[in-house]
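Taking it in order: structure first as C-alpha coordinates, then the write-up.
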Number of protein chains: 2
Amino acid sequence: MVEYHLDHVFRALSDPTRRAILGRLAEGEATVGRLAKPFPVSFAAVSKHIGVLERAGLVTREARGRERVCRINPAGLTDVRAWIDFHERFWTERLDALDALVAETPGEPDRTR
Amino acid sequence: MVEYHLDHVFRALSDPTRRAILGRLAEGEATVGRLAKPFPVSFAAVSKHIGVLERAGLVTREARGRERVCRINPAGLTDVRAWIDFHERFWTERLDALDALVAETPGEPDRTR
DNA sequence: CCTATATTCAACCGTATGGTTGAATATCAT
DNA sequence: ATGATATTCAACCATACGGTTGAATATAGG
(Lines give C-alpha, C1' and ligand atoms only; values in the text may rest on other atoms or scores of the structure.)
Protein backbone atom coordinates (compact mmCIF):
# COMPACT_ATOMS: atom_id res chain seq x y z
CA MET A 1 0.00 0.00 0.00
CA VAL A 2 2.77 2.35 0.94
CA GLU A 3 5.01 1.30 -1.92
CA TYR A 4 2.54 2.03 -4.66
CA HIS A 5 1.66 5.26 -2.93
CA LEU A 6 5.26 6.38 -3.31
CA ASP A 7 4.82 6.25 -7.08
CA HIS A 8 2.14 8.90 -6.88
CA VAL A 9 3.91 11.17 -4.43
CA PHE A 10 7.24 11.14 -6.23
CA ARG A 11 5.45 11.59 -9.54
CA ALA A 12 3.47 14.52 -8.18
CA LEU A 13 6.63 16.17 -6.90
CA SER A 14 8.47 15.77 -10.20
CA ASP A 15 6.63 18.67 -11.84
CA PRO A 16 7.91 22.21 -11.18
CA THR A 17 4.44 23.76 -11.46
CA ARG A 18 3.15 21.38 -8.81
CA ARG A 19 6.09 22.09 -6.53
CA ALA A 20 5.42 25.80 -7.00
CA ILE A 21 1.78 25.23 -6.06
CA LEU A 22 2.94 23.48 -2.90
CA GLY A 23 5.29 26.37 -2.21
CA ARG A 24 2.46 28.85 -2.52
CA LEU A 25 0.24 26.64 -0.39
CA ALA A 26 2.90 26.45 2.30
CA GLU A 27 2.24 30.16 2.93
CA GLY A 28 -1.38 29.37 3.66
CA GLU A 29 -4.58 28.01 2.20
CA ALA A 30 -5.78 29.32 -1.15
CA THR A 31 -8.61 28.80 -3.62
CA VAL A 32 -7.98 27.22 -6.99
CA GLY A 33 -8.47 30.59 -8.65
CA ARG A 34 -5.94 32.35 -6.46
CA LEU A 35 -3.51 29.50 -6.97
CA ALA A 36 -3.90 29.55 -10.72
CA LYS A 37 -3.42 33.30 -11.22
CA PRO A 38 0.41 33.56 -11.12
CA PHE A 39 0.95 30.58 -13.40
CA PRO A 40 1.34 30.97 -17.14
CA VAL A 41 -0.95 28.02 -17.83
CA SER A 42 -4.70 27.79 -18.02
CA PHE A 43 -7.03 27.59 -15.07
CA ALA A 44 -8.03 24.07 -16.02
CA ALA A 45 -4.41 22.96 -16.16
CA VAL A 46 -3.83 24.16 -12.60
CA SER A 47 -7.01 22.45 -11.51
CA LYS A 48 -5.62 19.23 -12.95
CA HIS A 49 -2.31 19.73 -11.20
CA ILE A 50 -4.12 20.18 -7.91
CA GLY A 51 -5.97 16.96 -8.66
CA VAL A 52 -2.65 15.16 -9.01
CA LEU A 53 -1.42 16.60 -5.72
CA GLU A 54 -4.70 15.67 -4.08
CA ARG A 55 -4.57 12.07 -5.30
CA ALA A 56 -1.01 11.87 -4.02
CA GLY A 57 -2.26 12.92 -0.59
CA LEU A 58 -0.22 16.11 -0.54
CA VAL A 59 -3.12 18.54 -0.69
CA THR A 60 -6.75 18.64 0.37
CA ARG A 61 -9.50 20.45 -1.47
CA GLU A 62 -12.62 21.54 0.36
CA ALA A 63 -15.72 23.17 -1.09
CA ARG A 64 -16.62 26.57 0.31
CA GLY A 65 -19.47 27.99 -1.64
CA ARG A 66 -18.55 28.01 -5.29
CA GLU A 67 -14.86 28.08 -4.41
CA ARG A 68 -12.56 25.22 -3.48
CA VAL A 69 -10.11 25.91 -0.72
CA CYS A 70 -6.82 24.04 -1.02
CA ARG A 71 -4.59 23.25 1.91
CA ILE A 72 -1.38 21.36 2.34
CA ASN A 73 -1.62 17.97 3.99
CA PRO A 74 1.47 17.81 6.20
CA ALA A 75 1.15 14.04 6.57
CA GLY A 76 1.48 13.64 2.82
CA LEU A 77 5.24 13.84 2.91
CA THR A 78 5.88 11.31 5.66
CA ASP A 79 6.16 8.25 3.41
CA VAL A 80 8.53 9.97 1.03
CA ARG A 81 10.52 11.30 3.93
CA ALA A 82 10.80 7.82 5.40
CA TRP A 83 12.02 6.43 2.08
CA ILE A 84 14.62 9.16 1.64
CA ASP A 85 15.71 8.90 5.25
CA PHE A 86 16.27 5.20 5.05
CA HIS A 87 18.09 5.21 1.76
CA GLU A 88 20.23 8.24 2.42
CA ARG A 89 21.37 6.84 5.73
CA PHE A 90 22.02 3.44 4.18
CA TRP A 91 23.96 4.85 1.26
CA THR A 92 26.03 7.07 3.49
CA GLU A 93 26.84 4.20 5.81
CA ARG A 94 28.01 2.12 2.89
CA LEU A 95 30.10 5.00 1.68
CA ASP A 96 31.65 5.42 5.13
CA ALA A 97 32.35 1.69 5.32
CA LEU A 98 34.05 1.85 1.96
CA ASP A 99 36.12 4.84 3.03
CA ALA A 100 37.17 3.03 6.18
CA LEU A 101 38.13 -0.03 4.18
CA VAL A 102 40.22 2.02 1.80
CA ALA A 103 41.82 3.91 4.68
CA GLU A 104 42.97 0.82 6.55
CA THR A 105 44.23 -0.96 3.46
CA PRO A 106 47.82 0.13 2.76
CA GLY A 107 48.19 -0.98 -0.85
CA GLU A 108 45.74 -1.50 -3.66
CA PRO A 109 42.20 -2.11 -2.31
CA ASP A 110 41.47 -4.18 -5.41
CA ARG A 111 37.70 -3.95 -5.27
CA THR A 112 37.53 -5.13 -8.85
CA ARG A 113 38.00 -8.83 -8.36
CA MET B 1 20.15 24.55 -11.54
CA VAL B 2 19.01 22.68 -8.49
CA GLU B 3 15.33 23.25 -9.17
CA TYR B 4 15.28 21.67 -12.60
CA HIS B 5 17.43 18.87 -11.27
CA LEU B 6 14.70 18.02 -8.78
CA ASP B 7 12.40 17.22 -11.71
CA HIS B 8 14.74 14.46 -12.79
CA VAL B 9 15.36 13.00 -9.37
CA PHE B 10 11.72 12.92 -8.31
CA ARG B 11 10.79 11.56 -11.72
CA ALA B 12 13.40 8.83 -11.46
CA LEU B 13 12.16 7.85 -8.01
CA SER B 14 8.53 7.64 -9.11
CA ASP B 15 8.99 4.28 -10.82
CA PRO B 16 8.85 1.13 -8.65
CA THR B 17 11.30 -0.77 -10.85
CA ARG B 18 13.82 2.02 -10.50
CA ARG B 19 13.36 2.16 -6.74
CA ALA B 20 13.86 -1.61 -6.65
CA ILE B 21 17.07 -1.20 -8.63
CA LEU B 22 18.25 1.34 -6.10
CA GLY B 23 17.31 -1.06 -3.32
CA ARG B 24 19.37 -3.80 -4.90
CA LEU B 25 22.22 -1.38 -5.47
CA ALA B 26 22.16 -0.32 -1.84
CA GLU B 27 23.40 -3.82 -1.01
CA GLY B 28 26.44 -3.23 -3.17
CA GLU B 29 27.60 -2.60 -6.72
CA ALA B 30 26.27 -4.77 -9.53
CA THR B 31 26.53 -5.13 -13.28
CA VAL B 32 23.60 -4.31 -15.53
CA GLY B 33 23.09 -8.00 -16.21
CA ARG B 34 22.97 -8.95 -12.56
CA LEU B 35 20.61 -6.06 -11.89
CA ALA B 36 18.30 -7.02 -14.72
CA LYS B 37 17.95 -10.69 -13.85
CA PRO B 38 15.30 -10.55 -11.10
CA PHE B 39 13.06 -8.15 -12.99
CA PRO B 40 10.23 -9.35 -15.20
CA VAL B 41 11.13 -6.92 -17.95
CA SER B 42 13.69 -7.13 -20.71
CA PHE B 43 17.37 -6.49 -20.32
CA ALA B 44 17.13 -3.39 -22.51
CA ALA B 45 14.34 -1.99 -20.37
CA VAL B 46 16.48 -2.26 -17.25
CA SER B 47 19.37 -0.65 -19.10
CA LYS B 48 17.07 2.26 -19.90
CA HIS B 49 15.95 2.51 -16.28
CA ILE B 50 19.56 2.67 -15.17
CA GLY B 51 20.07 5.43 -17.73
CA VAL B 52 17.29 7.42 -16.09
CA LEU B 53 18.80 6.90 -12.65
CA GLU B 54 22.21 7.87 -14.02
CA ARG B 55 20.93 11.08 -15.61
CA ALA B 56 19.23 11.91 -12.32
CA GLY B 57 22.59 11.59 -10.58
CA LEU B 58 21.47 8.70 -8.39
CA VAL B 59 23.67 6.03 -9.92
CA THR B 60 27.02 5.82 -11.67
CA ARG B 61 27.88 3.36 -14.39
CA GLU B 62 31.49 2.42 -15.05
CA ALA B 63 32.86 0.20 -17.80
CA ARG B 64 34.78 -2.85 -16.62
CA GLY B 65 35.61 -4.97 -19.60
CA ARG B 66 32.44 -5.75 -21.43
CA GLU B 67 30.40 -5.24 -18.29
CA ARG B 68 29.14 -2.03 -16.74
CA VAL B 69 29.34 -1.80 -13.00
CA CYS B 70 26.60 0.28 -11.40
CA ARG B 71 26.96 1.95 -8.04
CA ILE B 72 24.78 4.19 -5.99
CA ASN B 73 25.78 7.83 -5.82
CA PRO B 74 25.08 8.81 -2.21
CA ALA B 75 25.21 12.51 -3.06
CA GLY B 76 22.33 12.06 -5.50
CA LEU B 77 19.71 12.27 -2.80
CA THR B 78 20.92 15.41 -1.07
CA ASP B 79 18.88 17.87 -3.14
CA VAL B 80 15.70 15.90 -2.73
CA ARG B 81 16.41 15.44 0.93
CA ALA B 82 16.88 19.19 1.32
CA TRP B 83 13.59 19.88 -0.43
CA ILE B 84 11.68 17.39 1.70
CA ASP B 85 13.37 18.58 4.87
CA PHE B 86 12.48 22.18 4.24
CA HIS B 87 8.89 21.55 3.24
CA GLU B 88 8.11 18.99 5.86
CA ARG B 89 9.41 21.23 8.61
CA PHE B 90 7.58 24.22 7.15
CA TRP B 91 4.30 22.36 6.84
CA THR B 92 4.56 20.95 10.32
CA GLU B 93 5.33 24.35 11.77
CA ARG B 94 2.30 25.83 10.09
CA LEU B 95 0.19 22.98 11.37
CA ASP B 96 1.51 23.49 14.89
CA ALA B 97 0.87 27.20 14.66
CA LEU B 98 -2.67 26.52 13.53
CA ASP B 99 -3.21 24.07 16.37
CA ALA B 100 -1.93 26.61 18.86
CA LEU B 101 -4.16 29.29 17.40
CA VAL B 102 -7.20 27.07 17.59
CA ALA B 103 -6.31 26.03 21.12
CA GLU B 104 -6.05 29.54 22.50
CA THR B 105 -9.09 30.89 20.66
CA PRO B 106 -12.31 30.10 22.55
CA GLY B 107 -14.81 30.78 19.76
CA GLU B 108 -14.60 30.81 15.98
CA PRO B 109 -11.00 31.22 14.77
CA ASP B 110 -12.27 32.83 11.54
CA ARG B 111 -9.29 31.90 9.42
CA THR B 112 -11.22 32.84 6.31
CA ARG B 113 -10.73 36.59 6.30
C1' DC C 1 -35.14 34.60 -12.36
C1' DC C 2 -30.99 35.97 -14.59
C1' DT C 3 -26.32 36.70 -14.93
C1' DA C 4 -21.63 36.63 -13.56
C1' DT C 5 -18.15 33.88 -11.22
C1' DA C 6 -15.62 29.58 -9.77
C1' DT C 7 -14.61 25.28 -10.94
C1' DT C 8 -14.72 20.91 -13.20
C1' DC C 9 -15.49 17.85 -17.19
C1' DA C 10 -14.74 16.18 -21.79
C1' DA C 11 -12.57 15.94 -25.92
C1' DC C 12 -8.64 16.60 -28.22
C1' DC C 13 -3.36 17.23 -29.36
C1' DG C 14 1.69 16.67 -29.26
C1' DT C 15 5.14 14.62 -26.78
C1' DA C 16 7.32 11.69 -23.31
C1' DT C 17 7.41 7.22 -21.10
C1' DG C 18 8.00 2.29 -20.42
C1' DG C 19 7.89 -1.55 -22.90
C1' DT C 20 9.24 -4.66 -26.79
C1' DT C 21 12.36 -6.69 -30.53
C1' DG C 22 16.30 -7.07 -33.44
C1' DA C 23 20.62 -5.13 -35.08
C1' DA C 24 25.06 -3.11 -33.73
C1' DT C 25 29.22 -2.80 -30.78
C1' DA C 26 32.70 -4.30 -27.80
C1' DT C 27 35.05 -7.57 -25.06
C1' DC C 28 36.23 -12.23 -23.45
C1' DA C 29 37.63 -17.03 -24.41
C1' DT C 30 39.10 -20.65 -27.48
C1' DA D 1 39.92 -15.30 -36.52
C1' DT D 2 35.50 -17.23 -34.39
C1' DG D 3 32.05 -17.47 -31.53
C1' DA D 4 29.81 -16.41 -27.22
C1' DT D 5 28.61 -12.85 -23.83
C1' DA D 6 27.36 -8.04 -22.09
C1' DT D 7 25.46 -4.03 -23.25
C1' DT D 8 23.63 -0.42 -25.97
C1' DC D 9 21.14 1.54 -29.95
C1' DA D 10 17.28 2.15 -32.99
C1' DA D 11 12.82 1.63 -34.36
C1' DC D 12 8.48 0.89 -33.05
C1' DC D 13 3.99 0.58 -30.08
C1' DA D 14 0.54 1.63 -26.55
C1' DT D 15 -0.40 4.45 -23.00
C1' DA D 16 0.05 8.42 -19.87
C1' DC D 17 1.00 13.29 -19.32
C1' DG D 18 0.59 18.27 -19.60
C1' DG D 19 -1.50 21.39 -22.22
C1' DT D 20 -5.50 23.65 -24.67
C1' DT D 21 -10.46 24.91 -25.57
C1' DG D 22 -15.31 24.89 -24.96
C1' DA D 23 -19.34 23.00 -22.66
C1' DA D 24 -21.37 21.79 -18.20
C1' DT D 25 -22.33 22.56 -13.25
C1' DA D 26 -22.99 25.06 -9.16
C1' DT D 27 -23.17 29.03 -6.33
C1' DA D 28 -23.37 34.21 -5.43
C1' DG D 29 -25.67 38.38 -6.11
C1' DG D 30 -28.71 41.90 -8.23
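A note on names: the letters A, B, ... follow the listed sequences, proteins ahead of strands, and every chain is numbered from 1.
- Ring pair H8(B)/Y4(B) is perpendicular by interplanar angle, where above 60° counts as perpendicular and below 30° as parallel.
- The stretch residues 37-45 of chain A touches DNA chain C through F43(A), A44(A), each having a heavy atom within less than 4.0 Å of the strand.
- Taking atom CD of residue E54(A) and atom P of nucleotide dC9(C), one finds them 10 Å apart after rounding to whole Å.
- In terms of hydrophobic clustering, with Ile, Leu, Val, Met, Phe, Trp and Tyr side chains grouped at heavy-atom distances under 4.5 Å, V32(A) and V52(A) are assigned to different clusters.
- Comparing dG18(D), dT7(C), dG18(C) by their nearest atom to the side chain of K48(B) picks out dG18(C).
- In this structure, CD1 of I21(A) is placed 13 Å from P of dT7(C), rounded to the nearest angstrom.
- R18(A) comes within 4.0 angstrom of the backbone, heavy atoms only, and of no base.
- Between the CD atom of E67(B) and the P atom of dC28(C) there is a distance of 9 Å, rounded to whole Å.
- Legend: residues meeting salt bridge (Lys or Arg N to Asp or Glu O under 4.0 Å) with E67(A), ordered by chain and number and at least two apart, are absent.
- Relative ring orientation between H87(B) and W91(B) is described as perpendicular, the plane-to-plane angle rising above 60° on a 0-90° scale split at 30° and 60°.
- With a 4.5 Å cut-off on side-chain heavy atoms, K37(A) and R24(A) do not count as touching.
- In this structure, of dT7(C), dT20(C), dG19(D), it is dT7(C) that holds the atom nearest to the side chain of T31(A).
- When the P atom of dA6(D) is taken as reference, atom CG of L35(B) falls 14 Å away, rounded to whole Å.
- Remark: P of dA26(C) and CD of E62(B) are 18 Å apart, rounded to the nearest angstrom.
- Rounding to whole angstrom units, CG of residue D15(A) and P of dG18(D) are separated by 6 Å.
- The cluster map of Ile, Leu, Val, Met, Phe, Trp and Tyr, joined by side-chain heavy atoms under 4.5 Å apart, puts V59(A) and F39(A) in the same cluster.
- Using a 4.0 Å heavy-atom distance criterion, R11(B) is classed as a sugar-phosphate-only contact.
- Minimum atom distance to the side chain of R61(A) is reached by dT8(C), of the listed dT7(C), dT7(D), dT8(C).
- Taking only side-chain atoms of R66(B), from C-beta outward, the nucleotide of dG18(D), dA28(D), dA4(D) with the closest atom is dA4(D).
- Atom CD1 in I50(B) sits roughly 13 Å away from atom P in dC9(D) (whole-Å rounding).
- Phosphate proximity of dG19(C) to H49(B): present, with a side-chain N or O under 4.0 Å from OP1 or OP2.
- Taking the six-membered ring for Trp and thresholds of 30 and 60 degrees, F10(B) and F10(A) have ring planes inclined between 30 and 60 degrees apart.
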